[in-house]
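In each ligand, atom 1 is the first atom listed, and ligand 1 is the first ligand listed.
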Amino acid sequence: MPWEDLEPIFRPETVHMGRMSADPEKCTRPRGSKCQFCWDNCPFRAWELQDGEAPRMKEEADCFSCYNCMVACPRKAIFVVEPYHVDEGFYKTEPHSLPAKMPLEPRDAEGNPDQWNAIERAVFHRRSVRNLKDKPVPETLIRRVLEAGRFAPSAGNSQPWKFIVVTDQALINEMNEGIYGILSTLHNMYKDDGMVKLLAAGYEASPTPATYDPRIILGGMGSVTKRNGPVFLKAPVVILIACDERCIGGPEINAGICGQNMSLVANSLGTKSCWVGFAQVINNLPALKEKLGLDYPWKVMTALVLGYPRFKQEGLVPREFRPITWFREGASGPEIEE
Ligand SMILES: Cc1cc2nc3c(=O)[nH]c(=O)nc-3n(C[C@H](O)[C@H](O)[C@H](O)COP(=O)(O)O)c2cc1C
Ligand code: SF4
Ligand code: SF4
C-alpha cells in the first residue's frame, strides 16, 4: 500500500485531545493546600501544579477524557471543557462530538423514580484504580476474585481461560521492563517521520489499527515511554488472563466478560482493580511467555491488577450518550433517541 493511503492511519489530522479545567474557587490549592489528587489520578500526567494555584492542564496534554481526575477531586472542582474527539479521517470519532452525560436517573417498572440497586451502584461507581498501596492482598481475597472469573459465561461454555497470578515483585518488574522495551520502541518509531514508514510498511501484513489510535500510541504508549509509571502500576497483585486462541466465539470477548466479573468482585472486597491491556505484549516476549508457562494455544489476552487504593478513585463520571435506535412494537419504523 502506498504511503499516501497509510498516512491517515499513521499521521491522523484534526485530533483534539480532551480539555479539562479546575475551578480556582473550589480547588483548595489557591488557599494554601498541597492537594494533588487530580494530578496523581491522571494516567497521562496531564496536569501542571504551581504552589498557590489551581492545577492547569498542560498545553500538549494527551488527555483521552477518562474523567478519573474528576472522581479524585474532593472538592468537585474539575469540569470538562471539551471531550477527546477527531474531526476527520481514519480515527474520526462518530458521531462527532458527543456531550458527556451523567448516568440517567433510575426508574422502576411503572416509570416512577427509583434507587440504583447494589449491582448498578457497583457498575456506575467503578473506575480504574491506578494508585495502590504497597500492601499485600490476602490470597483468600485473590481466590474470591479468581472464582468470579471461573464462573463467568463463555461461548459454548468452553471456559477458555486460565489465570496466572503474580505477586512476586521481581517477576512483575521483569514484565514491566519487557513490555516497556517493546512499547517505547514502537512509540519512538511512530514519532519519527522516517521510522514511521517502516511501521506502515509492516502494517499491510498484519493490520492492527487500534495500535495506532492516538489515544494508545500517543496517550498510553507515550505515558509508558515517558516512564510516568510502570505498566502494572506498582500493584501488589497482577492477574494475567490467558485464553485458548482457538476458542468458540473468540478469545477477546470471553476474556473480557471473565475479567469484568473479576473486576467488579475485586472492587466489592475492599480491594480495587484496573485493567492492563498492555499485558498482551507478553505474547511478543518468548522467554517471558515460557517462564509464565504459556505456550500454544494460550495467549495473554489482558490482565487485571489488584490492590488497596491510596485514596478515593471511584465515583460517577459523565460518558458519551450515543443515539439509541428503538424498533418498538406497533411503531411504523425505527425511532432514534438522541
Ligand atoms: C481492555 C482494556 C484494556 C485496558 N488497558 C489499560 C492499560 O493497559 N493501562 C491502564 O492504565 N488502563 C487500561 N485500561 C483502563 C481504561 O483506560 C479505562 O477503563 C478507561 O479509561 C475508562 O476509565 P474507567 O475504567 O475509570 O471508567 C484498560 C481498559 C480495558 C477495558
Ligand atoms: S480526563 Fe483523564 S486523561 Fe484527561 S486530564 Fe483527567 S485524568 Fe487525565
Ligand atoms: S484534586 Fe481538586 S482540590 Fe485537589 S488540587 Fe485537584 S482540583 Fe484542586
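Taking a cut-off of under 4.0 Å to the non-hydrogen atoms of Cys66, the atoms of ligand 1 that pass are 21 (O). Atoms of ligand 1 found under 4.0 Å from any heavy atom of Arg126 (numbered from 1 in listed order, with element): 24 (P), 25 (O), 27 (O). Close approach of ligand 3 to Cys73 is summarised as follows: ligand atoms under 4.0 Å from at least one heavy atom of the residue are 1 (S), 2 (Fe), 3 (S), 7 (S). Numbered from 1 in the order shown, with element, the atoms of ligand 1 that lie under 4.0 Å from a heavy atom of Val276 read 5 (N), 6 (C), 7 (C), 8 (O).
The side-chain tip of Arg150 does not point at the ring of Phe163 from less than 6.0 angstrom away and within 45° of straight on. Relative to the ring axis of Trp47, Lys58 does not place its NZ or CZ within 45° and under 6.0 Å from the centre.
Residue Phe321 is found in a hydrophobic cluster whose other members, listed by chain and number, are Leu104, Ile324, Trp326; membership requires side-chain heavy atoms under 4.5 Å apart, directly or through intermediates.
Nearest protein neighbour of atom 2 (Fe) of ligand 2, counting heavy atoms only, is Cys66 SG, 2.4 Å. Remark: minimum distance from atom 8 (Fe) of ligand 2 to any protein heavy atom is reached at Cys42 SG, 2.3 Å. Of all protein heavy atoms, the one closest to atom 4 (Fe) of ligand 2 is Cys63 SG, 2.3 Å. Here the protein heavy atom with the shortest distance to atom 18 (C) of ligand 1 is Ser128 OG, 3.4 Å. With respect to atom 23 (O) of ligand 1, the closest heavy atom belonging to the protein is Arg319 NH2, 3.5 Å. Of the protein's non-hydrogen atoms, the one nearest atom 6 (Fe) of ligand 3 is Cys38 SG, 2.4 Å. With hydrogens left out, the protein atom closest to atom 8 (O) of ligand 1 is Gly277 N, 3.1 Å, a heavy atom.
Summarising the contacts of atom 16 (C) of ligand 1 with Arg215, His125, Arg130, the nearest heavy atom is found in Arg130. Nearest-heavy-atom check against atom 14 (N) of ligand 1 across Phe64, Phe124, Trp275 picks out Trp275.
Between Tyr203 and Phe10, the distance separating the two ring centers is shorter than 6.0 angstrom. For Tyr84 and Phe64, the gap between ring centers reaches or exceeds 6.0 Å.
In summary, the side chains of Ser184 and Thr225 do not present any donor paired with an acceptor at a separation below 3.5 Å, with no hydrogens or angles considered. Counted by atom type alone, Ser154 and Asn254 present zero donor-acceptor pairs between their side chains at under 3.5 Å. With 3.5 Å as the limit, one finds no donor-acceptor pair spanning the side chains of Gln115 and Asn117.
At least one heavy atom of Pro55 lies less than 4.0 angstrom from ligand 3.
Contact annotation: Cys35 places an N, O or S atom under 2.8 Å from atom 4 (Fe) of ligand 3.
Residue-to-ligand polar distances place Arg127 within reach of ligand 1: an N/O pair is separated by less than 3.5 Å. Considering backbone and side-chain N/O of Cys274, none are found under 3.5 Å from N/O of ligand 1.
Just one of Val166, Leu171, Ile172, Thr167 meets the side chain to side chain contact (heavy atoms under 4.5 Å, CB included) condition when paired with Gln169; it is Ile172.
In this structure, atom 20 (C) of ligand 1 is not in close contact with the protein, since no protein heavy atom lies within 4.0 Å of it.
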